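In this text, all values refer to a predicted model and were calculated from it rather than measured experimentally. We name chains A, B, ... by the order of the sequence lines, and we start the count at 1 in each one.
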Protein chains: 2
Amino acid sequence: MATIKEVSELAEVSLATVSRVINNTAQVKPHTRIRVEEAMKKLGYRPNFIAQSLASNKSNTVGYVVPELHGSFFGSMLSGSEHILRKSSKHLFISAGHSNQQDEINAIDSLRDRRCDALILHLEAIEDDYLIELAKSGVKFILVNRHIDAIPQHCIGINNVHGGYIATKALIDQGHTNIGYISGSLWKVDAEERLQGHKKALQEAGIPFNADWLKEGDFQAASGYELASILLDNHPTLTALACANDEMAYGACNAIRERGLSIPEDISVIGFDDIEFSAFTYPRLTTIHYPTREIGEMAARWVLKNVYGQNHEVSTEIVSPYLVKRDSIASPTEK
Amino acid sequence: MATIKEVSELAEVSLATVSRVINNTAQVKPHTRIRVEEAMKKLGYRPNFIAQSLASNKSNTVGYVVPELHGSFFGSMLSGSEHILRKSSKHLFISAGHSNQQDEINAIDSLRDRRCDALILHLEAIEDDYLIELAKSGVKFILVNRHIDAIPQHCIGINNVHGGYIATKALIDQGHTNIGYISGSLWKVDAEERLQGHKKALQEAGIPFNADWLKEGDFQAASGYELASILLDNHPTLTALACANDEMAYGACNAIRERGLSIPEDISVIGFDDIEFSAFTYPRLTTIHYPTREIGEMAARWVLKNVYGQNHEVSTEIVSPYLVKRDSIASPTEK
DNA sequence: CTGTTAGCGCATTCAC
DNA sequence: GTGAATGCGCTAACAG
């Protein structure tokens, strides 16, 4: 690979001049500019990103820590960010946190070692204090899935409590009172918040919360299947199941059908997230729309504005999810 | 962030010695090693990845070009690679090719600019010649979704033809002869190969290929829905639908149900890929298992072996997908 | 408008 | 075992 030096020799100018035409950092006489460009072309020259980063102390890349690379949920967030950033020629460096503290810290560190200009963090295990310290130490980052009161400007909040609330409320509004709940892993803030919303809706409707009707899953379809099976077998009076995400709702639906019950005639089901496939399940899943892609985009814009000084409209206000009515909810029938 | 220089001063040794303890590149007296390590710890020193890469001319990172960041298909490939590479402390730099030639070339170039030690490429638009040139120019890369005869050592082949073949054969074996086919975008090699397999199965069974029963989709659920609708409305004699991927199969199922038909009693459906959700749809989708995660892992091992000189078992032989029988296929009923 | 010079933070000879 | 010196490829003052 050709270097800037070779280009400068071929074009018979100095290193600095070549650098100038590459970065458009100062006026260059049209004639010499053309000579340089021709030389670059002739040599197939491409700037060495690494060297540029070292010399300029900026990498034009933003790091993104995501729990896992698979799954439609994280994929669309990443995709949202990527599309926004690429327009500004910023690159995304993705690292997985695997939902455990050590890996998350490693991911953040390695992103910093690489001199990422900013970080977008979707964390699950690292605790607030660590992040408050991180903010103090001057690291530029935006949190996409939680709100920390001490550093609100670093958070894009999503109102999970509200989401959990309207999900259960949708069931209650249809007349359900015996509602099972399959939560996500409760040490994850989102799971905990969604459950809070569920309880709030019950309380508001004067329905006592029944701990037996709550099962803690792990956001995977398989756990939805298993827990729904347990719930259904032990509590035949249940007429509805609220699930903390769509995947678990799919699993729950399978368990329901396996018992010869129909959805929504016998059991109503509501999910959460509104992932891509939920419009294509059978029955089409009623769920809470969680604006994953938009959050990814918003995080990217936050970075563009706050780190790269671009002019963007960004709000770190709390975004509210909303109900998407489809076919998996009906009024309870007499049993 | 502390630099190696500050560490050397605090430990009262030379830069070189610090570098040696960091990289374990030569013998260092235990005593001085400890002094250096203490100094590093005290300063919270972390090596500057960028500087290391520039000086050593290797980045310990492998670039991965993927069509899109969203979608469960690519997600699990990436995840497979990431898990393997992280064990060897190699990082993954992911870039999206967006299924068009310019973006794919840009992605490759930007990965090379970053001095990625190796590339894993999942391309859709770039033509063979470009890749043959790339191989000649000494770039280390492995192709994960296509086979190019001229550079077999750079390809991890998947037998898509065979997959398409066994999918349709599964239908034929159940007694179907009137089989609609919803393909992927036919300019993509995988889509084309799967269709080839479909035709081969028909031919082998002595069933003439009917061009009216073939519709070209785009691998998205929505296209499966639309095209199945057209197929069903125009050709009521069809008893089965083969789809080039699971997403389109989901869409097709919706179209079928909308017409009051049941799956598999009235219409059998088979998908392709066996993505995570297909075990949880209703009916559970019969499909062709495409070992996405394994391919990602294999590509990573190829890199570890061929680029980093590690000892790994790697075969670039053609991997064959296989049939996963679930509930969306039955024998055709009289109409 | 253009050239010279000095680093960026580190790895890597080559001496001692 | 350890230190001094050189350079990776480029940017960024500073002159001119």
Side-chain angles (χ1 to χ4, degrees), chain A residues 1-40 43-61 89 91 109-117 308, chain B residues 1-40 43-61 89 109-117:
Chain A
M1 297 227 124
T3 73
I4 207 175
K5 181 142 173 281
E6 302 176 48
V7 174
S8 75
E9 283 165 359
L10 204 160
E12 297 178 306
V13 294
S14 72
L15 291 182
T17 301
V18 177
S19 177
R20 283 184 191 109
V21 347
I22 293 172
N23 300 299
N24 251 308
T25 178
Q27 289 301 318
V28 178
K29 203 193 288 181
H31 178 66
T32 57
R33 167 180 294 275
I34 289 173
R35 278 238 310 282
V36 171
E37 282 170 347
E38 278 173 354
M40 294 199 299
L43 295 169
Y45 171 78
R46 306 207 98 235
N48 181 325
F49 212 98
I50 300 285
Q52 284 182 316
S53 299
L54 184 62
S56 66
N57 198 32
K58 52 183 289 235
S59 59
N60 279 313
T61 113
S89 301
H91 295 258
D109 284 345
S110 89
L111 259 18
R112 294 181 62 193
D113 293 346
R114 265 165 211 281
R115 297 302 185 265
C116 286
D117 300 325
Y308 293 114
Chain B
M1 299 228 121
T3 71
I4 207 174
K5 181 143 174 278
E6 301 175 48
V7 175
S8 74
E9 283 165 0
L10 205 161
E12 296 177 307
V13 294
S14 72
L15 292 181
T17 302
V18 178
S19 177
R20 285 184 189 109
V21 347
I22 293 173
N23 300 300
N24 251 309
T25 178
Q27 289 299 316
V28 178
K29 206 193 288 181
H31 178 66
T32 56
R33 167 181 295 274
I34 290 174
R35 279 238 310 282
V36 171
E37 281 170 348
E38 278 172 353
M40 294 199 298
L43 294 171
Y45 171 78
R46 306 207 98 236
N48 181 325
F49 212 97
I50 300 286
Q52 284 183 317
S53 299
L54 184 62
S56 66
N57 197 32
K58 50 181 291 233
S59 60
N60 279 313
T61 113
S89 300
D109 285 344
S110 90
L111 257 19
R112 295 181 62 193
D113 293 346
R114 269 164 206 282
R115 297 301 183 266
C116 286
D117 299 326

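- Closest to the side chain of A:Ala55, out of C:dC1, C:dC10, D:dT11, is D:dT11.
- For the pair B:Met1 CE and C:dC10 P, the computed distance is 11 Å after rounding to whole Å.
- A straight line from CD of B:Glu9 to P of D:dG3 spans 13 Å, rounded to a whole angstrom.
- The interatomic distance linking A:Arg115 (CZ) with C:dG9 (P) rounds to 8 Å, in whole Å.
- In this model, the phosphate group of D:dT11 is not approached by any side-chain N or O of A:Thr25 to a distance below 4.0 Å at OP1 or OP2.
- When rounded to the nearest whole Å, the span between CD of B:Glu12 and P of D:dT2 equals 14 Å.
- Mapping A:Arg46 and A:Arg20 onto DNA chain D by nearest heavy atom places A:Arg46 at the nucleotide closer to the 5' end.
- Residue B:Val21 comes nearest to B:Glu37 through the heavy atom pair CG2-CG, 4.4 Å, listed as atom of the first residue, atom of the second, then distance.
- Rounded to an integer number of Å, the gap from NZ of B:Lys5 to C1' of D:dA4 is 14 Å.
- Using a 4.0 Å heavy-atom cutoff across all strands shown, B:Phe49 reaches no nucleic acid atom at all.
- At a threshold of 4.0 angstrom between heavy atoms, the contacts of B:Thr32 are confined to the sugar-phosphate backbone, with no base atom among them.
- Residue B:Ser19 has a polar side-chain atom (N or O) positioned under 4.0 Å from OP1 or OP2 of C:dA11.
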Start with the C-alpha gap between A:Asn48 and B:Arg115, add the side-chain angles, then the distance that decides, and say whether side chain to side chain contact (heavy atoms under 4.5 Å, CB included) holds.
CA-CA 8 Å; A:Asn48 181 325; B:Arg115 297 301 183 266; 3.2 Å; yes
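- Between B:Val36 and B:Val28 the shortest side-chain heavy-atom distance does not fall below 4.5 Å.
- Atoms CD1 (A:Ile22) and P (D:dA12) sit 12 Å apart, rounded to a whole Å.
- Relative to the side chain of A:Ala51, the nucleotides D:dG1, C:dG9, D:dG9 differ in distance, and D:dG9 lies closest.
- At the phosphate of D:dT11, OP1 or OP2 sits under 4.0 Å from a side-chain N or O atom of A:Gln52.
- The shortest distance between the side-chain N/O atoms of A:Ser56 and the OP1/OP2 oxygens of D:dT11 is not below 4.0 Å.
- With rounding to whole Å, A:Ile50 atom CD1 is found 15 Å from C:dA11 atom C1'.
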Run A:Ser19 and A:Leu15 through side chain to side chain contact (heavy atoms under 4.5 Å, CB included) and show every step you take.
CA-CA 6 Å; A:Ser19 177; A:Leu15 291 182; over 6 Å; no
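- Side-chain contact between A:Asp113 and B:Gln52 is absent, with no heavy atoms from C-beta onward closer than 4.5 Å.
- Interatomic distance, B:Leu54 CG to A:Phe49 CZ, rounded to the nearest 0.5 Å: 13.5 Å.
- Across C:dC10, D:dG3, D:dT11, the shortest atom-to-atom separation from the side chain of A:Asn23 is found for D:dT11.
- Checked against D:dA12, C:dC10, D:dG3, the side chain of B:Val13 finds its nearest nucleotide in D:dG3.
- Whole-Å rounding puts the A:Asn48 CG to D:dG9 P distance at 7 Å.
- Phosphate contact (OP1/OP2 of D:dG9, side-chain N/O of A:Thr3, threshold under 4.0 Å): absent.
- Considering only side-chain atoms of B:Ala16, the nucleotide from D:dG3, C:dC1, D:dT11 that sits closest is D:dG3.
- Summary of the strand contacts: B:Leu15 and B:Asn57 both lie near DNA chain D, and taking for each the nucleotide with the nearest heavy atom, the more 5' one is attributed to B:Leu15.
- Residue A:Thr17 is in sugar-phosphate contact alone, with no base atom involved, counting any heavy-atom pair closer than 4.0 Å across all strands shown.
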